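Residue numbers begin at 1 in each chain, while the letters A, B, ... track the order of the sequences. What you are looking at is a predicted structure, and each value in this text was computed from that prediction instead of being measured.
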Amino acid sequence: MAGPGGVILNAVDLRRLLAGPVERAAPALLGWDLVHDDLRVRLVEVEAYAQDEPGCHAFRGPTPRNRVMFGPPGFAYLYFTYGNHWMLNVTAEPEGRGCAVLLRAAEPLDGLDAMAERRPKARRPEDLLNGPGKLAAALALDQTQYGFDLLDPRSPLRLEPGEPPGSLLVGTRIGIAKGKGDEIPWRFADGGRLRWVSRPLQGLSPTGTIGPSPDAGRTGR
DNA sequence: CCTACGATTCACT
DNA sequence: GTGAATCGTAGGC
């Protein structure tokens with residue numbers, strides 16, 4: 001059944017979509033569930049990164065850190081930054097192209113107690129997974145899962161079909177330095193689950209509406 | 001070898 | 001809203 005924001009595909013079709021342009025594949029991940037052992041979350045916010053832009057880790061070619069980005073689509077690219085945080089991406093586009101989708105926020109479904117233990121600073125369920133570093137911490141992700149096939153049903157860390165998004169919201173990506181693609185609208189969120197998003201969305205919706213999203217009560221950046 | 005900085009989070013004003 | 005923390009990575013010399 002298709003919601004206003006799209007449909008949930010099966011794993012084979014998702015892999016096929018991930019092999020296409022990363023900015024088209026990224027929103028298709030919304031509504032998918034990310035499962036790590038007994039933990040389950042539903043993706044509500046993602047960002048696309050393409051090899052050709054200076055803000056992308058793969059911009060200057062393969063390195064030991066980003067090598068999985070140049071492999072086939074649907075695999076886990078994890079990296080460590082700010083001396084503290086791990087970030088999880090899904091590789092995209094065909095082998096040889098260094099592109100990926102950053103998973104920025106999710107709704108917790110199973111294993112809330114275990115996630116809360118890993119996120120002692122979180123006072124509310126909304127604070128468990130509303131940021132890429134938080135998401136990785138709550139799900140106990142680090143270099144261990146680097147290169148895992150996220151579309152392999154046997155993988156301890158994997159994607160599974162969830163529920164289609166209520167609507168698709170689009171905005172500019174967070175934390176991108178000026179001149180490095182900060183104006184590109186490749187941040188995508190499920191308009192039906194704004195409660196779980198990392199920060200309010202102010203950008204365009206694909207329908208052409210301009211302005212704050214319905215749920216955006218807090219101050220934007 | 002040395003330096004700059006980051007796809008962030010948190011505490012604090 | 002502002003700024004510090006913290007360290008691996010990448011680029012330059």
Less than 4.0 Å between a side-chain N and a carboxylate O, is that true for A:Arg97 and A:Asp52?
yes
Write down the distance separating the C1' atoms in C:dG3 and B:dC5, rounded off to the nearest Å.
16 Å
Applied to residues 53-72 of chain A, the salt bridge (Lys or Arg N to Asp or Glu O under 4.0 Å) test, sequence neighbours excluded, yields A:Glu53-A:Arg173
Side chain to side chain contact (heavy atoms under 4.5 Å, CB included) test vs A:Arg187 passes for just one of A:Val46, A:Thr172, A:Ile174, namely A:Ile174
Establish whether A:Val35 and A:Leu151 are linked, either directly or via other cluster members, by ILVMFWY side-chain heavy-atom contacts under 4.5 Å.
no
Pairs under 3.5 Å (Watson-Crick or G-U), crossing ones as [ ], inter-strand ones as |: DNA chain B comes out as ||||||.|||||.
Separation of C:dG8 atom C1' from A:Leu78 atom CG, nearest Å, is 15 Å
Got a sec, which pairs hit ring-ring contact (aromatic ring centres under 6.0 Å, His included) with one end in residues 140-192 of chain A, sequence neighbours left out?
none
Salt bridge (Lys or Arg N to Asp or Glu O under 4.0 Å) pairs touching residues 104-121 of chain A, sequence neighbours excluded, are A:Arg40-A:Asp110, A:Glu45-A:Arg104, A:Glu47-A:Arg104, A:Glu107-A:Arg193
Are A:Leu9 and A:Val90 connected in a single hydrophobic cluster, I mean Ile/Leu/Val/Met/Phe/Trp/Tyr linked by side-chain heavy atoms less than 4.5 Å apart?
yes
Could you encode protein contacts along nucleotides 4-13 of chain B as a string, one character per nucleotide from 5' to 3', using B for base contact, S for sugar-phosphate-only contact and - for no contact, with a heavy-atom cut-off of under 4.0 Å?
--BBBSSS--
How many Å lie between CH2 on A:Trp86 and C1' on C:dG8, as a whole number?
9 Å
Hey, can you pull the donor-acceptor pairs under 3.5 Å for the side chains in residues 76-86 of chain A, sequence neighbours left out?
from	atom 1	to	atom 2	distance (Å)
A:Tyr77	OH	A:His57	ND1	2.8
A:Asn84	ND2	A:Tyr82	O	3.3

